[in-house]
Amino acid sequence: MDFSSFTGAIDKKRTPCLLVGIYDKLKLSPGAETINRASDGTLARILKREQFKARPGDTLLLHQLPGCRADRILAVGLGKKKDLGPAQYAKSVDAAIKALTSTPSKRALCALLDVQVEKADPRWKARQLAMRFGQGCYRFTTMKSEEGDLPVLSHVDFHIGDKAHGEAVEKGAREGGSIASGMNFAKDLANLPGNVCTPAYLAEQAQELADRHAPIKATILEEREMEKLGMGALLSVSRGSRQPAKLIVLEYRGAKSKDKPIALVGKGLTFDAGGISLKPAQNMDEMKYDMCGGASVLGTFQAVAEMALPLNLVGIIPASENLPDGEANKPGDIVKTMAGKTVEILNTDAEGRLILCDALTYTQKFDPELVIDIATLTGACVVALGHHASGLLGNDESLCRDILEAGKTSLDRAWQLPLWDEYREQLKSNFADMANIGGRDAGTITAACFLARFTEKFKWAHLDIAGTAWHSGNNKGATGRPVPLLTQFLLDKAG
Ligand code: BES
Ligand code: MN
Ligand code: ZN
């Protein structure tokens, strides 16, 4: 998807489709006003005749209005002017893109930057628009023998009413385009089935990402190297699988080499059957998405490299499968982590924390400024927060605040849960330094407590994306989250 800006008169511009905003009670946005005047009031007459409600999510497609050169005009409902906040705007824009992509328009002129959105500047609006256009045209078809009807939209012109906003809009559009490309990369990896997207495949994709972007370097650690490092927890999960584990290490250099890197650690479990503590059959296919944390790290690296952000990043993705097998972990087994602590594996399905704890310990080698791990870690997080917010826990309040803020800005929100010492008790083991599960209560918190025992040496936050990384049901598919949150966090850090 390409974006450009247009500063001329929208009624005079030839385009397959022009998007204009309409408020509640058919009040017109500046763009709609221009079209209404050019068409001698036809726009307002049609909206009235069709009883257009103009709520966020409502759209109406019109054809060839007199006095206007657009083949189509898409009226986009925005709701009440005074209620137009970021969430309503996003809803309106998504509906507009859905309606637009069901027309054969290859190009569109978008006049949705001329509306006031609470707490939003032109750069934010352009970033959201570009990101949403990029998302709205995404389809996963690589595993189908026939592609079917794909959206043909490939270019969007953003109308800039006030030339003073030109630079901000162009900057925002470029950022949004990069975020969308990172999200779509993450979605592709996530939507691939477990028999294609194996640990080795993820490692290849990381290598290819590094080949595409000079500031990114990829290193893949093999099992024998993990053995030398003493990664007994990670390797114990992989032992039950015929696919060798990979530890993917990405380095992005965008700042001076003395600047400490920000580390992103992503769970890359390419299929989670639960191991000997086997999961029930229903919806088990969705456990191909258990690598979405890793995919979000790869997607974020792609977005950051495209934006050429001036910071240093490290990405660590422990990649493995979790399957039942004669060599698999058994309940009661005790393994030794790279940090030297021993873990009693009371449930082999709590494998994410086992691969992550060694990856987190390894992260220390890079002397990071801060570490964020991203993982589809607990079903309990879906029970607690549903599908709207990712769970956030961490050992540094100011880091948590920054992440929450980035989530609000990007509309890819997180919600913090407490990481109090009291919960640690639940991980006590009679036989090892700790157990890998903490019972039924507060499952998301006890999982984070487990990780916290391996992150004491740095500022750390954990995102549990079990409820946000993919959609189930008829719209089953990866969401690309939390790439928007992570890139926004990094944009904020880059200043
Ligand atoms: N990958 C799962 C978590 C998960 C489950 C995410 C369902 C999304 C939907 C993780 O490895 C897991 O199995 N966690 C267990 C932990 C339990 C055994 C303490 C869970 O949540 O049931
Ligand atoms: Mn599991
Ligand atoms: Zn898992």
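Since the structure is predicted, the reported quantities are computational estimates derived from the model, not experimental observations.
Results of the side-chain hydrogen bond (donor to acceptor under 3.5 Å, both in side chains) test with Tyr289 over Thr479, Asp272, Asn191 single out Asn191 as the only residue that passes. Partner Ile372 forms a side chain to side chain contact (heavy atoms under 4.5 Å, CB included) with one of Leu485, Leu490, Ile403 and no other, that one being Ile403. Residue Trp460 forms a side chain to side chain contact (heavy atoms under 4.5 Å, CB included) with just one option from Leu451, Leu399, Asp396, and that option is Leu451.
Looking only at distances, a side-chain donor or acceptor of Lys267 sits under 3.5 Å from a matching main-chain atom of Thr376. Formation of a donor-acceptor pair under 3.5 Å by the Lys125 side chain with backbone atoms of Leu113 is found in this model. In this structure, Thr444 contributes its side chain and Cys381 its backbone to a donor-acceptor pair below 3.5 Å. Although no hydrogens or angles enter the test, the distance criterion places a donor-acceptor pair under 3.5 Å between the side chain of Ser102 and the main chain of Lys98.
Within the cation-pi definition used here (under 6.0 Å to the ring centroid, within 45° of the axis), Lys217 does not qualify as a partner of Tyr252. Arg212 forms a cation-pi arrangement with Phe185, by the criterion of a distance under 6.0 Å to the ring centre and an angle within 45° of the ring axis. The cationic atom of Lys187 (NZ for Lys, CZ for Arg) does not lie both less than 6.0 Å from the six-membered ring centre of Phe140 and within 45° of the ring axis.
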Stepwise side chain to side chain contact (heavy atoms under 4.5 Å, CB included) test for His471 and His387: CA-CA 8 Å; His471 296 297; His387 300 285; over 6 Å; no
Derivation of the side chain to side chain contact (heavy atoms under 4.5 Å, CB included) call for Ile374 and Leu264: CA-CA 7 Å; Ile374 308 102; Leu264 303 177; 4.3 Å; yes
Salt bridge (Lys or Arg N to Asp or Glu O under 4.0 Å) assessment of Arg123 paired with Glu175: CA-CA 9 Å; Arg123 182 174 161 198; Glu175 290 164 350; 2.6 Å; yes
Test log, rule side chain to side chain donor-acceptor pair (under 3.5 Å), inputs Thr198 and Glu321: CA-CA 8 Å; Thr198 57; Glu321 294 182 321; over 6 Å; no
Salt bridge (Lys or Arg N to Asp or Glu O under 4.0 Å) between Arg107 and Asp157, worked out: CA-CA 8 Å; Arg107 209 177 159 117; Asp157 293 299; 3.2 Å; yes
Residues Lys81, Asp24; criterion salt bridge (Lys or Arg N to Asp or Glu O under 4.0 Å); working and verdict: CA-CA 7 Å; Lys81 196 168 182 173; Asp24 179 59; over 6 Å; no
Test side chain to side chain donor-acceptor pair (under 3.5 Å) applied to Tyr138 and Asp188, step by step: CA-CA 9 Å; Tyr138 175 85; Asp188 272 341; 2.7 Å; yes
Asp114 vs Val20, side chain to side chain contact (heavy atoms under 4.5 Å, CB included): CA-CA, chis, key distance, verdict: CA-CA 9 Å; Asp114 60 1; Val20 295; over 6 Å; no
Trace of the side chain to side chain donor-acceptor pair (under 3.5 Å) decision for Thr409 with Gln488: CA-CA 7 Å; Thr409 307; Gln488 185 62 47; 4.9 Å; no
Audit row: Val371, Leu360, side chain to side chain contact (heavy atoms under 4.5 Å, CB included) steps and yes/no: CA-CA 8 Å; Val371 180; Leu360 285 164; 3.8 Å; yes
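Atom CD of Glu208 sits in a crowded spot, with more than 12 heavy atoms from other residues, nucleotides or ligands closer than 6.0 Å. Atom NZ of Lys91 has 12 or fewer neighbouring heavy atoms from other residues, nucleotides or ligands inside a 6.0 Å radius. Few gaps surround CG on Asp211; more than 12 heavy atoms of other groups in view lie less than 6.0 Å from it.
The NZ atom of Lys48 sits 13.0 Å away from atom CD of Glu50, with the distance rounded to the nearest 0.5 Å. Interatomic distance, CG of Leu463 versus CZ of Arg481, reported as 10.0 Å (0.5 Å rounding). Rounding to the nearest 0.5 Å places NZ of Lys171 at 15.0 Å from NE2 of His165. One distance of note links OG1 of Thr468 with CZ of Arg413; it measures 12.0 Å at 0.5 Å rounding. Here Leu26 contributes atom CG and Ile46 contributes atom CD1; the two are 12.0 Å apart, rounded to the nearest 0.5 Å. Atom OG1 of Thr487 sits about 4.0 Å away from atom CD1 of Ile179, to the nearest 0.5 Å.
Side-chain atoms of Thr270 and Gln243 include no donor-acceptor pair closer than 3.5 Å. Judged by distance alone, the side chains of Arg72 and Gln64 never bring a donor and an acceptor atom under 3.5 Å apart. There is no side-chain donor-acceptor pair under 3.5 Å between Asp259 and Asn312. Looking at Asp94 and Gln135, their side chains never bring a donor and an acceptor atom within 3.5 Å of each other. Side-chain polar atoms of Thr34 and Asp11 form no donor-acceptor pair below 3.5 angstrom.
Ile216 places a side-chain heavy atom less than 4.5 Å from the side chain of Leu209. You'll find the side chain of Glu118 stays beyond 4.5 Å of the side chain of Leu84, heavy atoms only. Between Leu189 and Gln205 there is a side-chain heavy-atom pair separated by less than 4.5 Å. In this structure, the side chains of Thr219 and Gln207 stay at 4.5 Å or more apart for every pair of heavy atoms. A heavy-atom distance below 4.5 Å is not found between the side chains of Thr42 and Asn36. For the pair Phe133 and Leu100, the minimum side-chain heavy-atom distance is below 4.5 Å. In this structure the side chain of Asp40 never reaches within 4.5 angstrom of the side chain of Pro66, judged on heavy atoms. Between Ile22 and Ser29, the closest side-chain pair of non-hydrogen atoms is not below 4.5 Å.
In this structure, Gly274 and Asn322 approach most closely via the heavy-atom pair C-ND2, 3.3 Å. Scanning both residues, Ser105 and Val152, for their nearest heavy atoms gives O-CG2, 3.5 Å. In terms of heavy atoms, Ala461 sits closest to Leu392 at CB-CD1, 4.0 Å. Minimum heavy-atom separation, Val265 to Ala359: CG1-CB, 4.0 Å. For Tyr89 against Leu129, the heavy-atom pair with the smallest separation is OH-CD1, 3.6 Å. Nearest heavy atoms, Ala380 versus Gly443: CB-CA, 3.9 Å.
Partners of Ala206 according to the side-chain contact (heavy atoms from CB on, under 4.5 Å) rule, which considers only residues two or more places apart in sequence or in another chain, are Ile248, Leu250, Leu298. For Phe3, the ring-ring contact (aromatic ring centres under 6.0 Å, His included) test picks out Phe158, with sequence neighbours left out.
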